[in-house]
Amino acid sequence: MATKIDKLKNIIGVDSILNKIQDLDILLETILSEARGVLSADAGSIYIKVDNELVVTYSQNDTKAAELKPGQKLIYNVFRIPIGTGTTSGYAAMTGDIINVRNVYDIPEDAPYGFDPYYDRKSGYRTVSTLSIPLKTNMGDILGVLQLINKKDTLGRSIAFSKDDELVAAHFATNATMALQRAQMTRAILLRMTRMAELRDPKETGTHVNRVAGYALEIYERWANRNRRPRHEIDRTRDTLRMAAMLHDVGKVAISDTILKKPGRLDEAEREVMKTHTWQGARLFTDRQSEFDEIAQQVALSHHEHWDGTGYPGHVDTVTGEPVKKNVKGRAVGKRGEEIDIFGRIVSIADVFDALRSNRVYKAAWSDEDSIREIRGLAGTKFDPDLVSDFIAVLPSIQTVSDKFSEEPSEPPADPEG
Ligand code: C2E
Ligand code: SIN
Ligand code: SIN
Ligand code: SIN
Ligand code: FE
Ligand code: FE
(Lines give C-alpha, C1' and ligand atoms only; values in the text may rest on other atoms or scores of the structure.)
(Ligands and ions follow the chains in the order given, each with its own letter.)
Protein backbone atom coordinates (compact mmCIF):
# COMPACT_ATOMS: atom_id res chain seq x y z
CA MET A 1 0.00 0.00 0.00
CA ALA A 2 1.32 3.40 -0.92
CA THR A 3 2.11 5.52 2.11
CA LYS A 4 1.06 9.13 2.45
CA ILE A 5 4.59 10.22 1.65
CA ASP A 6 4.69 8.05 -1.47
CA LYS A 7 1.49 9.67 -2.52
CA LEU A 8 2.83 13.15 -1.93
CA LYS A 9 5.93 12.27 -3.90
CA ASN A 10 3.71 11.17 -6.74
CA ILE A 11 1.80 14.41 -6.56
CA ILE A 12 4.99 16.40 -6.88
CA GLY A 13 5.98 14.24 -9.84
CA VAL A 14 9.31 12.61 -9.19
CA ASP A 15 11.73 12.92 -6.34
CA SER A 16 14.40 14.16 -8.66
CA ILE A 17 12.52 17.37 -9.36
CA LEU A 18 12.64 18.28 -5.71
CA ASN A 19 16.12 16.94 -5.18
CA LYS A 20 17.48 19.06 -7.93
CA ILE A 21 16.28 22.57 -7.48
CA GLN A 22 18.18 24.32 -10.19
CA ASP A 23 19.22 27.37 -8.22
CA LEU A 24 21.01 25.11 -5.81
CA ASP A 25 22.82 23.39 -8.65
CA ILE A 26 24.17 26.61 -10.02
CA LEU A 27 25.11 27.90 -6.58
CA LEU A 28 27.00 24.78 -5.55
CA GLU A 29 28.83 24.55 -8.87
CA THR A 30 29.90 28.15 -8.37
CA ILE A 31 31.01 27.59 -4.78
CA LEU A 32 33.08 24.59 -5.87
CA SER A 33 34.79 26.40 -8.69
CA GLU A 34 35.47 29.49 -6.57
CA ALA A 35 36.95 27.40 -3.77
CA ARG A 36 39.15 25.65 -6.30
CA GLY A 37 40.17 28.96 -7.84
CA VAL A 38 41.14 30.59 -4.57
CA LEU A 39 43.05 27.52 -3.34
CA SER A 40 44.54 26.56 -6.73
CA ALA A 41 43.06 23.08 -6.55
CA ASP A 42 43.14 21.13 -9.81
CA ALA A 43 40.02 19.14 -8.96
CA GLY A 44 37.25 18.91 -6.43
CA SER A 45 33.86 17.47 -5.60
CA ILE A 46 30.84 18.17 -3.47
CA TYR A 47 29.31 15.08 -1.94
CA ILE A 48 25.78 15.14 -0.56
CA LYS A 49 24.84 12.85 2.29
CA VAL A 50 22.07 10.41 1.36
CA ASP A 51 21.22 8.00 4.17
CA ASN A 52 24.55 6.51 5.21
CA GLU A 53 26.45 7.36 2.09
CA LEU A 54 28.06 10.29 0.36
CA VAL A 55 26.91 10.77 -3.21
CA VAL A 56 29.05 12.74 -5.64
CA THR A 57 26.80 15.53 -6.80
CA TYR A 58 29.24 17.99 -8.32
CA SER A 59 32.66 17.18 -9.66
CA GLN A 60 35.24 19.30 -11.42
CA ASN A 61 38.68 18.37 -12.72
CA ASP A 62 40.68 20.80 -14.85
CA THR A 63 43.21 18.23 -16.01
CA LYS A 64 40.60 15.69 -17.07
CA ALA A 65 38.35 18.37 -18.54
CA ALA A 66 41.21 19.52 -20.81
CA GLU A 67 41.50 15.98 -22.19
CA LEU A 68 37.82 15.73 -23.14
CA LYS A 69 36.66 15.82 -26.73
CA PRO A 70 33.99 18.42 -27.51
CA GLY A 71 30.60 17.36 -26.17
CA GLN A 72 32.15 14.70 -23.91
CA LYS A 73 31.26 14.82 -20.25
CA LEU A 74 33.46 14.30 -17.22
CA ILE A 75 33.06 10.79 -15.83
CA TYR A 76 33.04 10.81 -12.05
CA ASN A 77 35.50 8.51 -10.31
CA VAL A 78 33.25 7.40 -7.53
CA PHE A 79 29.53 7.76 -7.20
CA ARG A 80 28.91 6.59 -3.66
CA ILE A 81 31.13 6.41 -0.61
CA PRO A 82 30.10 4.90 2.71
CA ILE A 83 30.23 7.29 5.66
CA GLY A 84 32.75 5.97 8.20
CA THR A 85 36.35 4.87 8.22
CA GLY A 86 37.84 3.91 4.88
CA THR A 87 38.01 7.07 2.81
CA THR A 88 39.04 10.61 3.74
CA SER A 89 35.69 12.10 2.77
CA GLY A 90 33.73 9.32 4.46
CA TYR A 91 35.80 9.87 7.59
CA ALA A 92 35.30 13.65 7.47
CA ALA A 93 31.53 13.07 7.26
CA MET A 94 31.61 10.64 10.18
CA THR A 95 33.72 12.77 12.53
CA GLY A 96 32.80 16.27 11.39
CA ASP A 97 36.52 17.08 11.23
CA ILE A 98 38.55 18.58 8.42
CA ILE A 99 40.83 15.92 6.93
CA ASN A 100 43.94 17.33 5.27
CA VAL A 101 46.11 14.75 3.49
CA ARG A 102 49.53 15.71 2.10
CA ASN A 103 49.83 12.68 -0.18
CA VAL A 104 47.16 10.02 -0.45
CA TYR A 105 49.81 7.42 -1.39
CA ASP A 106 51.64 8.07 1.91
CA ILE A 107 48.74 7.62 4.35
CA PRO A 108 50.08 5.61 7.32
CA GLU A 109 48.85 2.04 7.59
CA ASP A 110 47.22 2.69 10.99
CA ALA A 111 45.28 5.82 9.95
CA PRO A 112 41.47 5.50 10.29
CA TYR A 113 41.08 6.31 6.59
CA GLY A 114 42.88 5.37 3.45
CA PHE A 115 42.92 5.86 -0.30
CA ASP A 116 41.94 3.27 -2.86
CA PRO A 117 44.28 3.61 -5.88
CA TYR A 118 41.69 1.77 -7.97
CA TYR A 119 39.92 5.06 -8.69
CA ASP A 120 43.06 6.73 -9.99
CA ARG A 121 43.84 3.71 -12.15
CA LYS A 122 40.34 3.74 -13.55
CA SER A 123 40.35 7.43 -14.43
CA GLY A 124 44.00 7.76 -15.34
CA TYR A 125 44.36 10.62 -12.90
CA ARG A 126 47.01 10.96 -10.20
CA THR A 127 45.65 12.14 -6.86
CA VAL A 128 48.24 13.61 -4.47
CA SER A 129 46.85 16.05 -1.89
CA THR A 130 43.25 16.16 -0.69
CA LEU A 131 41.36 18.44 1.68
CA SER A 132 37.97 17.18 2.88
CA ILE A 133 35.71 19.61 4.74
CA PRO A 134 32.44 18.40 6.25
CA LEU A 135 29.33 20.47 5.45
CA LYS A 136 28.14 20.86 9.01
CA THR A 137 25.10 22.83 10.15
CA ASN A 138 24.93 24.90 13.35
CA MET A 139 22.97 22.01 14.79
CA GLY A 140 25.87 19.69 14.10
CA ASP A 141 24.18 17.78 11.28
CA ILE A 142 26.42 16.71 8.42
CA LEU A 143 24.89 17.46 5.01
CA GLY A 144 27.85 16.39 2.90
CA VAL A 145 31.51 17.03 2.19
CA LEU A 146 33.43 19.53 0.12
CA GLN A 147 36.62 17.90 -1.17
CA LEU A 148 39.45 19.71 -2.92
CA ILE A 149 42.10 17.73 -4.76
CA ASN A 150 45.68 18.47 -5.84
CA LYS A 151 46.71 21.96 -4.85
CA LYS A 152 49.01 23.28 -7.58
CA ASP A 153 52.06 25.47 -7.08
CA THR A 154 52.96 28.16 -9.62
CA LEU A 155 54.78 25.55 -11.72
CA GLY A 156 51.73 23.30 -11.80
CA ARG A 157 53.14 20.70 -9.42
CA SER A 158 50.84 19.06 -6.87
CA ILE A 159 51.59 20.23 -3.32
CA ALA A 160 49.93 19.93 0.08
CA PHE A 161 47.12 22.16 1.39
CA SER A 162 48.23 24.38 4.28
CA LYS A 163 46.58 25.19 7.62
CA ASP A 164 45.47 28.54 6.17
CA ASP A 165 43.90 26.72 3.23
CA GLU A 166 41.75 24.81 5.71
CA LEU A 167 40.27 28.08 7.02
CA VAL A 168 39.58 29.39 3.53
CA ALA A 169 37.99 26.10 2.46
CA ALA A 170 35.87 26.09 5.63
CA HIS A 171 34.41 29.43 4.56
CA PHE A 172 33.27 27.96 1.22
CA ALA A 173 31.94 24.92 3.04
CA THR A 174 29.80 27.20 5.22
CA ASN A 175 28.31 28.82 2.12
CA ALA A 176 27.56 25.43 0.60
CA THR A 177 25.94 24.29 3.84
CA MET A 178 23.68 27.32 3.93
CA ALA A 179 22.65 26.81 0.31
CA LEU A 180 21.77 23.20 1.06
CA GLN A 181 19.78 24.15 4.13
CA ARG A 182 17.80 26.72 2.18
CA ALA A 183 16.99 24.15 -0.48
CA GLN A 184 15.91 21.63 2.15
CA MET A 185 13.66 24.24 3.66
CA THR A 186 12.11 25.04 0.30
CA ARG A 187 11.45 21.36 -0.28
CA ALA A 188 9.91 20.94 3.16
CA ILE A 189 7.67 23.94 2.61
CA LEU A 190 6.56 22.64 -0.77
CA LEU A 191 5.66 19.29 0.70
CA ARG A 192 3.74 20.97 3.48
CA MET A 193 1.84 23.11 1.04
CA THR A 194 0.74 20.23 -1.17
CA ARG A 195 -0.28 18.32 1.94
CA MET A 196 -2.33 21.28 3.11
CA ALA A 197 -4.07 21.63 -0.23
CA GLU A 198 -4.73 17.92 -0.25
CA LEU A 199 -6.26 17.98 3.23
CA ARG A 200 -8.57 20.79 2.20
CA ASP A 201 -9.95 18.84 -0.69
CA PRO A 202 -9.63 15.09 -0.18
CA LYS A 203 -11.34 14.39 -3.49
CA GLU A 204 -8.43 15.96 -5.34
CA THR A 205 -6.18 13.11 -6.33
CA GLY A 206 -3.27 15.12 -7.56
CA THR A 207 -4.06 14.21 -11.14
CA HIS A 208 -5.60 17.63 -11.67
CA VAL A 209 -2.55 19.60 -10.54
CA ASN A 210 -0.33 17.25 -12.51
CA ARG A 211 -2.35 17.84 -15.64
CA VAL A 212 -2.30 21.62 -15.27
CA ALA A 213 1.47 21.49 -14.75
CA GLY A 214 1.94 19.13 -17.71
CA TYR A 215 -0.14 21.31 -20.05
CA ALA A 216 1.69 24.42 -18.89
CA LEU A 217 5.07 22.83 -19.67
CA GLU A 218 3.99 21.89 -23.19
CA ILE A 219 2.76 25.42 -23.89
CA TYR A 220 5.87 26.92 -22.32
CA GLU A 221 8.26 24.81 -24.42
CA ARG A 222 6.49 25.80 -27.61
CA TRP A 223 6.56 29.47 -26.58
CA ALA A 224 10.22 29.28 -25.56
CA ASN A 225 11.31 27.58 -28.79
CA ARG A 226 9.33 30.04 -30.84
CA ASN A 227 11.09 32.86 -28.99
CA ARG A 228 14.47 31.14 -29.46
CA ARG A 229 15.15 30.85 -25.77
CA PRO A 230 18.43 29.01 -25.09
CA ARG A 231 18.16 25.30 -24.29
CA HIS A 232 19.75 25.60 -20.84
CA GLU A 233 17.21 28.27 -19.87
CA ILE A 234 14.33 26.07 -21.04
CA ASP A 235 15.63 23.04 -19.13
CA ARG A 236 16.15 25.05 -15.99
CA THR A 237 12.72 26.67 -16.20
CA ARG A 238 10.85 23.40 -16.80
CA ASP A 239 11.40 21.99 -13.30
CA THR A 240 10.60 25.32 -11.70
CA LEU A 241 7.48 25.92 -13.76
CA ARG A 242 6.20 22.42 -13.06
CA MET A 243 6.27 22.98 -9.31
CA ALA A 244 4.92 26.52 -9.60
CA ALA A 245 2.03 25.39 -11.82
CA MET A 246 1.13 22.62 -9.38
CA LEU A 247 0.78 25.25 -6.69
CA HIS A 248 -1.25 27.77 -8.73
CA ASP A 249 -4.34 27.32 -6.54
CA VAL A 250 -2.57 26.82 -3.23
CA GLY A 251 -4.29 30.03 -2.04
CA LYS A 252 -7.56 28.08 -1.99
CA VAL A 253 -6.48 26.72 1.39
CA ALA A 254 -7.52 30.13 2.72
CA ILE A 255 -11.08 29.83 1.37
CA SER A 256 -13.80 28.41 3.62
CA ASP A 257 -15.41 25.08 2.77
CA THR A 258 -18.87 26.68 2.50
CA ILE A 259 -17.62 28.62 -0.50
CA LEU A 260 -15.00 26.23 -1.89
CA LYS A 261 -17.36 23.25 -1.91
CA LYS A 262 -20.66 25.01 -2.59
CA PRO A 263 -22.64 22.74 -4.91
CA GLY A 264 -23.83 25.46 -7.26
CA ARG A 265 -23.14 28.96 -8.55
CA LEU A 266 -21.39 31.36 -6.20
CA ASP A 267 -23.16 34.61 -5.43
CA GLU A 268 -21.45 37.97 -5.89
CA ALA A 269 -20.06 38.17 -2.34
CA GLU A 270 -18.83 34.58 -2.44
CA ARG A 271 -17.08 35.18 -5.75
CA GLU A 272 -15.25 38.15 -4.24
CA VAL A 273 -13.96 35.92 -1.44
CA MET A 274 -13.00 33.22 -3.94
CA LYS A 275 -10.99 35.75 -5.96
CA THR A 276 -8.67 36.30 -3.02
CA HIS A 277 -7.15 32.83 -3.58
CA THR A 278 -4.82 34.49 -6.10
CA TRP A 279 -2.99 36.92 -3.84
CA GLN A 280 -3.43 34.69 -0.79
CA GLY A 281 -1.42 32.08 -2.68
CA ALA A 282 1.11 34.63 -3.91
CA ARG A 283 1.60 35.80 -0.35
CA LEU A 284 3.21 32.46 0.52
CA PHE A 285 6.10 33.28 -1.78
CA THR A 286 6.83 36.85 -0.73
CA ASP A 287 10.25 36.02 0.73
CA ARG A 288 11.49 35.49 -2.74
CA GLN A 289 14.78 33.68 -2.39
CA SER A 290 14.96 31.76 -5.59
CA GLU A 291 13.69 31.70 -9.13
CA PHE A 292 11.18 29.13 -7.96
CA ASP A 293 9.61 31.48 -5.41
CA GLU A 294 9.41 34.19 -8.00
CA ILE A 295 7.70 32.07 -10.63
CA ALA A 296 5.38 30.41 -8.09
CA GLN A 297 4.33 33.83 -6.84
CA GLN A 298 3.61 35.16 -10.32
CA VAL A 299 1.65 32.06 -11.27
CA ALA A 300 -0.51 32.11 -8.12
CA LEU A 301 -1.07 35.84 -8.45
CA SER A 302 -1.82 36.19 -12.14
CA HIS A 303 -3.42 32.96 -13.38
CA HIS A 304 -6.87 34.61 -13.45
CA GLU A 305 -5.88 37.86 -15.17
CA HIS A 306 -7.33 38.33 -18.66
CA TRP A 307 -5.45 39.52 -21.73
CA ASP A 308 -8.02 42.32 -22.20
CA GLY A 309 -7.69 43.55 -18.60
CA THR A 310 -11.00 42.16 -17.26
CA GLY A 311 -9.53 39.49 -14.97
CA TYR A 312 -8.50 39.56 -11.31
CA PRO A 313 -6.96 40.42 -8.88
CA GLY A 314 -5.28 43.17 -10.96
CA HIS A 315 -2.71 45.56 -9.56
CA VAL A 316 -2.81 44.64 -5.87
CA ASP A 317 -0.40 44.47 -2.98
CA THR A 318 0.56 40.79 -2.64
CA VAL A 319 0.51 40.90 1.14
CA THR A 320 -2.72 42.76 1.84
CA GLY A 321 -4.63 42.35 -1.42
CA GLU A 322 -5.22 46.14 -1.39
CA PRO A 323 -5.35 47.84 -4.80
CA VAL A 324 -2.15 49.66 -5.71
CA LYS A 325 -3.59 50.99 -8.96
CA LYS A 326 -7.27 51.96 -8.72
CA ASN A 327 -10.02 52.66 -11.21
CA VAL A 328 -12.76 55.28 -10.68
CA LYS A 329 -14.68 52.84 -8.47
CA GLY A 330 -11.64 52.45 -6.22
CA ARG A 331 -11.07 48.85 -7.32
CA ALA A 332 -7.82 47.39 -8.57
CA VAL A 333 -7.16 47.92 -12.27
CA GLY A 334 -6.80 44.57 -14.04
CA LYS A 335 -3.46 43.70 -15.54
CA ARG A 336 -3.59 43.43 -19.31
CA GLY A 337 -1.51 42.02 -22.16
CA GLU A 338 2.15 41.62 -21.39
CA GLU A 339 1.69 43.27 -17.98
CA ILE A 340 0.57 39.79 -17.01
CA ASP A 341 3.51 37.55 -16.23
CA ILE A 342 4.26 35.09 -19.05
CA PHE A 343 3.95 32.11 -16.70
CA GLY A 344 0.61 33.39 -15.39
CA ARG A 345 -0.66 33.67 -18.97
CA ILE A 346 0.48 30.13 -19.73
CA VAL A 347 -1.00 28.54 -16.59
CA SER A 348 -4.25 30.43 -17.17
CA ILE A 349 -4.87 28.51 -20.40
CA ALA A 350 -3.79 25.19 -18.87
CA ASP A 351 -6.03 25.74 -15.83
CA VAL A 352 -9.19 26.72 -17.69
CA PHE A 353 -8.79 23.92 -20.24
CA ASP A 354 -8.56 21.40 -17.44
CA ALA A 355 -11.38 22.98 -15.40
CA LEU A 356 -13.66 22.81 -18.45
CA ARG A 357 -12.86 19.16 -19.12
CA SER A 358 -13.41 18.19 -15.45
CA ASN A 359 -16.41 17.74 -13.23
CA ARG A 360 -16.63 20.39 -10.57
CA VAL A 361 -19.02 20.69 -7.65
CA TYR A 362 -20.66 23.46 -9.65
CA LYS A 363 -20.58 22.02 -13.18
CA ALA A 364 -20.34 18.86 -15.27
CA ALA A 365 -17.35 18.13 -17.51
CA TRP A 366 -17.30 19.45 -21.05
CA SER A 367 -16.15 17.39 -24.03
CA ASP A 368 -12.62 17.88 -25.37
CA GLU A 369 -14.04 19.38 -28.54
CA ASP A 370 -16.14 21.95 -26.69
CA SER A 371 -13.28 22.77 -24.35
CA ILE A 372 -10.85 23.39 -27.21
CA ARG A 373 -13.43 25.48 -29.04
CA GLU A 374 -13.95 27.55 -25.87
CA ILE A 375 -10.20 28.22 -25.47
CA ARG A 376 -9.91 29.16 -29.14
CA GLY A 377 -12.90 31.49 -28.83
CA LEU A 378 -11.31 33.29 -25.89
CA ALA A 379 -8.06 34.12 -27.75
CA GLY A 380 -7.43 37.85 -27.57
CA THR A 381 -10.04 38.51 -24.87
CA LYS A 382 -9.31 36.16 -21.97
CA PHE A 383 -6.09 34.66 -23.31
CA ASP A 384 -2.88 35.78 -25.00
CA PRO A 385 -3.69 34.92 -28.66
CA ASP A 386 -0.11 33.80 -29.44
CA LEU A 387 -0.20 31.41 -26.50
CA VAL A 388 -3.56 30.03 -27.67
CA SER A 389 -1.86 29.25 -31.00
CA ASP A 390 0.91 27.52 -29.07
CA PHE A 391 -1.68 25.56 -27.13
CA ILE A 392 -3.40 24.45 -30.34
CA ALA A 393 -0.04 23.50 -31.86
CA VAL A 394 0.84 21.20 -28.95
CA LEU A 395 -2.61 19.58 -28.58
CA PRO A 396 -1.25 16.08 -29.34
CA SER A 397 1.19 16.40 -26.40
CA ILE A 398 -1.56 17.85 -24.24
CA GLN A 399 -3.61 14.75 -25.01
CA THR A 400 -0.67 12.57 -23.94
CA VAL A 401 -0.41 14.41 -20.62
CA SER A 402 -4.14 14.10 -20.15
CA ASP A 403 -4.05 10.32 -20.72
CA LYS A 404 -1.11 9.95 -18.39
CA PHE A 405 -2.90 11.68 -15.52
CA SER A 406 -6.44 10.59 -16.18
CA GLU A 407 -8.94 10.52 -13.35
CA GLU A 408 -11.03 7.56 -12.28
CA PRO A 409 -14.31 7.97 -14.14
CA SER A 410 -16.63 9.91 -11.87
CA GLU A 411 -20.26 10.96 -12.05
CA PRO A 412 -21.11 14.57 -12.77
CA PRO A 413 -22.81 16.35 -9.85
CA ALA A 414 -26.45 15.32 -9.57
CA ASP A 415 -27.74 18.86 -9.50
CA PRO A 416 -25.15 21.32 -10.81
CA GLU A 417 -27.35 24.28 -10.07
CA GLY A 418 -27.69 23.36 -6.41
P1 C2E B 1 -11.80 26.15 -11.11
O2 C2E B 1 -13.02 25.32 -10.97
O3 C2E B 1 -10.51 25.39 -11.11
O4 C2E B 1 -11.92 26.95 -12.44
C5 C2E B 1 -10.81 27.64 -12.97
C6 C2E B 1 -11.26 28.54 -14.07
O7 C2E B 1 -11.75 27.77 -15.17
C8 C2E B 1 -12.41 29.47 -13.72
O9 C2E B 1 -11.93 30.64 -13.07
C10 C2E B 1 -12.96 29.80 -15.09
O11 C2E B 1 -12.15 30.77 -15.72
C12 C2E B 1 -12.78 28.51 -15.84
N13 C2E B 1 -14.05 27.75 -15.82
C14 C2E B 1 -14.40 26.76 -14.99
N15 C2E B 1 -15.63 26.28 -15.30
C16 C2E B 1 -16.07 27.00 -16.34
C17 C2E B 1 -17.29 27.00 -17.12
O18 C2E B 1 -18.20 26.20 -16.91
N19 C2E B 1 -17.36 27.90 -18.14
C20 C2E B 1 -16.36 28.79 -18.40
N21 C2E B 1 -16.48 29.66 -19.42
N22 C2E B 1 -15.20 28.84 -17.69
C23 C2E B 1 -15.06 27.94 -16.67
P24 C2E B 1 -12.94 31.46 -12.13
O25 C2E B 1 -14.25 31.60 -12.79
O26 C2E B 1 -12.25 32.73 -11.78
O27 C2E B 1 -13.09 30.57 -10.86
C28 C2E B 1 -12.02 30.35 -9.98
C29 C2E B 1 -12.38 29.27 -9.02
O30 C2E B 1 -13.52 29.69 -8.26
C31 C2E B 1 -12.81 27.96 -9.65
O32 C2E B 1 -11.69 27.20 -9.96
C33 C2E B 1 -13.68 27.36 -8.59
O34 C2E B 1 -12.90 26.79 -7.57
C35 C2E B 1 -14.35 28.57 -8.00
N36 C2E B 1 -15.66 28.83 -8.64
C37 C2E B 1 -15.93 29.62 -9.66
N38 C2E B 1 -17.26 29.66 -9.94
C39 C2E B 1 -17.84 28.86 -9.04
C40 C2E B 1 -19.22 28.47 -8.79
O41 C2E B 1 -20.13 28.88 -9.45
N42 C2E B 1 -19.43 27.58 -7.77
C43 C2E B 1 -18.41 27.11 -7.02
N44 C2E B 1 -18.71 26.25 -6.04
N45 C2E B 1 -17.12 27.45 -7.22
C46 C2E B 1 -16.84 28.31 -8.22
C1 SIN C 1 -3.74 18.04 -4.57
O2 SIN C 1 -4.50 18.37 -5.50
O3 SIN C 1 -3.99 17.06 -3.90
C4 SIN C 1 -2.50 18.85 -4.30
C5 SIN C 1 -2.81 20.29 -4.45
C6 SIN C 1 -1.63 21.15 -4.76
O7 SIN C 1 -0.55 20.63 -5.04
O8 SIN C 1 -1.80 22.37 -4.78
C1 SIN D 1 9.32 37.25 -20.89
O2 SIN D 1 10.26 37.23 -21.69
O3 SIN D 1 9.41 36.74 -19.77
C4 SIN D 1 8.03 37.90 -21.28
C5 SIN D 1 7.81 37.85 -22.76
C6 SIN D 1 6.38 38.14 -23.07
O7 SIN D 1 5.81 39.02 -22.42
O8 SIN D 1 5.81 37.49 -23.96
C1 SIN E 1 -9.07 22.51 -7.31
O2 SIN E 1 -8.02 22.41 -6.67
O3 SIN E 1 -10.16 22.14 -6.85
C4 SIN E 1 -9.08 23.05 -8.71
C5 SIN E 1 -7.80 23.66 -9.07
C6 SIN E 1 -7.80 24.15 -10.52
O7 SIN E 1 -8.76 24.05 -11.25
O8 SIN E 1 -6.76 24.61 -10.95
FE1 FE F 1 -7.32 29.62 -9.50
FE1 FE G 1 -7.20 26.24 -10.90
Side-chain angles (χ1 to χ4, degrees), residues 193-194 197-198 200-201 203-216 244-284 296-314 316 321 332 334-335 340-341 343-379 381-384 388 391 405 407 410 412-418:
M193 285 194 296
T194 43
E198 201 189 36
R200 284 290 275 113
D201 194 355
K203 278 215 320 239
E204 274 297 325
T205 54
T207 52
H208 162 71
V209 284
N210 273 310
R211 281 195 305 268
V212 172
Y215 301 159
M246 289 177 85
L247 291 164
H248 73 277
D249 270 339
V250 71
K252 283 183 179 174
V253 300
I255 309 297
S256 76
D257 275 352
T258 16
I259 295 177
L260 192 64
K261 297 177 183 168
K262 180 175 175 179
R265 309 303 308 174
L266 300 179
D267 66 29
E268 197 54 40
E270 290 165 338
R271 265 205 79 79
E272 287 309 310
V273 174
M274 182 53 98
K275 287 179 179 178
T276 68
H277 82 275
T278 48
W279 60 264
Q280 305 244 40
R283 203 159 90 163
L284 295 168
Q297 180 172 64
Q298 285 304 327
V299 165
L301 184 64
S302 59
H303 72 277
H304 288 294
E305 298 288 358
H306 295 179
W307 184 251
D308 64 7
T310 60
Y312 62 87
V316 295
K335 289 184 184 167
I340 309 163
D341 182 80
F343 299 111
R345 278 180 270 150
I346 289 172
V347 171
S348 161
I349 296 174
D351 181 34
V352 173
F353 179 63
D354 200 63
L356 292 174
R357 288 178 66 262
S358 307
N359 290 321
R360 286 282 190 263
V361 284
Y362 62 96
K363 63 170 267 293
W366 294 23
S367 70
D368 274 359
E369 214 185 355
D370 286 346
S371 305
I372 294 165
R373 191 178 306 123
E374 179 78 358
I375 300 284
R376 223 193 264 274
L378 293 168
T381 51
K382 189 161 182 158
F383 303 127
D384 177 342
V388 170
F391 166 81
F405 297 110
E407 220 108 28
S410 67
D415 180 22
E417 288 308 310

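Computation of the quantities below employed the complete heavy-atom set of this structure, encompassing side-chain atoms and omitting hydrogens, waters and symmetry-equivalent molecules. Whatever order the structure lists them in is the order used to number ligands and atoms, beginning at 1.
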Inset, instruction - Using side chain to side chain donor-acceptor pair (under 3.5 Å) as the criterion, point out the one residue from Thr278, Asp249, Asp341 that pairs with His303. - result: Asp249
Legend entry - Smallest separation among heavy atoms of Ala244 and Val299, with atom names: O-CG1, 3.8 Å
Inset, instruction - Just to the nearest 10 degrees, tell me the angle at the Fe ion (ligand 5) spanned by His277 NE2 and Asp249 OD1. - result: 90°
Legend entry - Ala355 N/O under 3.5 Å from ligand 1 N/O: no
Inset, instruction - Return yes or no for this condition: an N or O of Tyr362 is under 3.5 Å from an N or O of ligand 1. - result: yes
Inset, instruction - Please report the shortest heavy-atom distance between Leu266 and Ile259, naming the atom on each side. - result: CD2-O, 3.7 Å
Inset, instruction - May I ask you to check whether Lys261 has an N/O atom sitting below 3.5 Å from an N/O atom of ligand 1? - result: no
Inset, instruction - Using a strict 4.0 Å cut-off to heavy atoms of Glu374, name the atoms of ligand 1 that fall inside it. - result: 21 (N)
Inset, instruction - Considering the heavy atoms of Tyr312, write down every atom of ligand 1 situated less than 4.0 Å from one of them. - result: 24 (P), 26 (O), 27 (O), 28 (C)
Legend entry - Non-hydrogen atoms of Val347 and Ala245 that approach each other most closely: CG2-CB, 4.0 Å
Inset, instruction - Under the side-chain contact (heavy atoms from CB on, under 4.5 Å) rule, what do Val273 and Glu270 come out as? Steps first, then yes or no, please. - result: CA-CA 5 Å; Val273 174; Glu270 290 165 338; 5.7 Å; no
Legend entry - Gap separating the OG atom of Ser302 from the NE2 atom of His248, nearest 0.5 angstrom: 11.5 Å
Inset, instruction - Starting from the Fe ion (ligand 6), look over the N/O/S atoms of Asp351 and name the nearest one. - result: OD1
Inset, instruction - Please could you name the atoms of ligand 1 that Asp351 approaches to less than 4.0 Å, counting only its heavy atoms? - result: 5 (C)
Legend entry - Atoms of ligand 1 close to Trp366 [distance to a heavy atom under 4.0 angstrom, numbered from 1]: 18 (O), 19 (N)
Legend entry - N or O contact, Lys252 vs ligand 1, cut-off under 3.5 Å: yes
Inset, instruction - Return yes or no for this condition: an N or O of Leu266 is under 3.5 Å from an N or O of ligand 1. - result: yes
Legend entry - Ion pair Arg271/Glu268, N-O distance below 4.0 Å: no
Inset, instruction - Report the member of Lys363, Arg265, Lys275, Met274 with the shortest heavy-atom distance to atom 30 (O) of ligand 1. - result: Met274
Inset, instruction - Quick one: list whatever passes salt bridge (charged side-chain N to carboxylate O under 4.0 Å, His left out) with Asp308, sequence neighbours left out. - result: none
Legend entry - Residue Arg271 vicinity, atoms of ligand 1 by number, heavy atom under 4.0 Å: 24 (P), 25 (O), 26 (O), 37 (C), 38 (N)
Inset, instruction - Starting from the C-alpha separation in whole Å, work towards a yes-or-no answer on side-chain contact (heavy atoms from CB on, under 4.5 Å) for Arg345 and Phe383. - result: CA-CA 7 Å; Arg345 278 180 270 150; Phe383 303 127; over 6 Å; no
Legend entry - the Fe ion (ligand 6) to nearest N/O/S of His303 less than 2.8 Å: no
Inset, instruction - Anything under 30° is parallel, anything over 60° is perpendicular, the rest tilted; go ahead and classify Tyr312 against His304. - result: parallel
Legend entry - For Leu356, atoms of ligand 1 separated by under 4.0 Å from a heavy atom: 16 (C), 17 (C), 19 (N), 20 (C), 22 (N), 23 (C)
Legend entry - Any N/O pair His277/ligand 1 closer than 3.5 Å: no
Inset, instruction - Decide whether the shortest distance between a heavy atom of Glu270 and an atom of ligand 1 is less than 4.0 Å. - result: no
Legend entry - Sub-4.0 Å heavy-atom contact, Gly264 with ligand 1: yes
